Amino acid sequence: DAGVIQSPRHEVTEMGQEVTLRCKPISGHNSLFWYRQTMMRGLELLIYFNNNVPIDDSGMPEDRFSAKMPNASFSTLKIQPSEPRDSAVYFCASSLMGEQFFGPGTRLTVL
Amino acid sequence: DQQVKQNSPSLSVQEGRISILNCDYTNSMFDYFLWYKKYPAEGPTFLISISSIKDKNEDGRFTVFLNKSAKHLSLHIVPSQPGDSAVYFCAASSPGTYKYIFGTGTRLKVLA
């Protein structure tokens with residue numbers, strides 16, 4: 001199994017630009033999670049889906065952040081417009097009623 | 001408000017000695033606790049977990065202890081090896097949810 005796949009691995013953009021992060025969960029998993037890692041706050045849960053339906057988006061910091069899961073094999077996290085304080089590593093994880101498996105992350109730098 | 005706290009950002013231990021990583025939580029509803037390990041440029045990977053009905057769970061060199069009255073858990077690594085050098089995150093979840101609340105992590109460095 002390829003594990004959770006995230007793209008791109010690195011993204012550098014300018015303030016005000018739209019950023020889209022992509023995730024392919026492990027086949028057969030029914031829950032998908034988006035996290036953000038920063039030095040100050042560690043791993044923060046932004047949103048999670050169960051069976052493609054958003055269950056809890058209380059961690060989404062602002063309306064500039066949005067996430068979709070159009071089908072069981074794909075999810076996106078979009079930031080529009082991006083700001084320098086959004087710079088962080090963003091992880092996607094998937095699970096099947098238990099242990100969460102993480103992707104390698106996308107390192108986002110907003111200049 | 002951090003519901004899961006790892007107050008030591010870093011820890012250095014000699015190879016062969018015991019590493020003890022600590023984690024405190026505030027939410028008494030948490031009933032499942034986990035430790036994840038993260039190497040640079042990789043995603044976190046699951047290490048060990050414990051249910052609130054237990055106070056200890058052991059897996060090889062790794063043991064997790066849970067003290068519910070103190071709302072504290074710890075991860076013991078014995079003996080520590082250089083390959084254990086990584087960032088360790090503790091996490092907790094409440095009944096009926098697959099949502100994990102993570103701490104800020106502790107960077108462990110095992111010195112050869």
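In the text below, chain A, chain B and the rest are named by the order of the sequence lines, each starting its count at 1. A quick note: this is a predicted structure, and the numbers were derived from the prediction, not measured.
- More than 12 heavy atoms of other residues, nucleotides or ligands sit less than 6.0 Å from atom CD of A:Gln80.
- Only the side chain of B:Phe89 comes within less than 4.5 Å of a heavy atom of chain A; its backbone N, CA, C and O stay farther away.
- Scanning both residues, B:Pro44 and A:Phe91, for their nearest heavy atoms gives CD-CE2, 3.9 Å.
- Within 6.0 Å of CZ on B:Arg107 lie no more than 12 heavy atoms contributed by other residues, nucleotides or ligands.
- Between atom CZ of residue A:Phe101 and atom CZ of residue B:Phe46 there is a gap of 9.0 Å, rounded to the nearest 0.5 Å.
- At a threshold of 4.5 Å between side-chain heavy atoms, the hydrophobic network of Ile, Leu, Val, Met, Phe, Trp and Tyr places A:Leu46 and A:Phe33 in two separate groups.
- Heavy atoms of A:Arg9 lying under 4.5 Å from chain B belong exclusively to its side chain.
- Cluster membership for B:Leu73 and B:Leu47, using ILVMFWY side-chain heavy atoms within less than 4.5 angstrom, is shared.
- Residues A:Tyr35 and B:Phe102 bring their aromatic ring centres within 6.0 Å.
- Distance check: B:Lys99 NZ to A:Leu45 CG gives 6.0 Å after rounding to the nearest 0.5 Å.
- Residue B:Val110 is grouped with residue B:Ile48 when hydrophobic side chains (ILVMFWY) are merged at heavy-atom distances under 4.5 angstrom, including chains of intermediate members.
- The hydrophobic clustering, which links ILVMFWY residues whose side-chain heavy atoms are closer than 4.5 Å, places A:Ile26 and A:Phe49 apart.
- Nearest heavy-atom pair, B:Thr104 versus A:Arg41, reported as atom, atom and distance to 0.1 Å: CG2-C, 3.7 Å.
- Residue A:Thr106 does not touch chain B at all, counting heavy-atom pairs closer than 4.5 Å.
- When all heavy atoms are compared, the tightest approach of A:Phe102 to B:Tyr36 is CE1-CE2, 3.6 Å.
- Without hydrogens or angle criteria, A:Gln100 side chain to B:Tyr98 main chain gives a donor-acceptor distance under 3.5 Å.
- A:Leu108 and A:Val4 fall into different hydrophobic clusters, where Ile, Leu, Val, Met, Phe, Trp and Tyr side chains are chained together by heavy-atom contacts under 4.5 Å.
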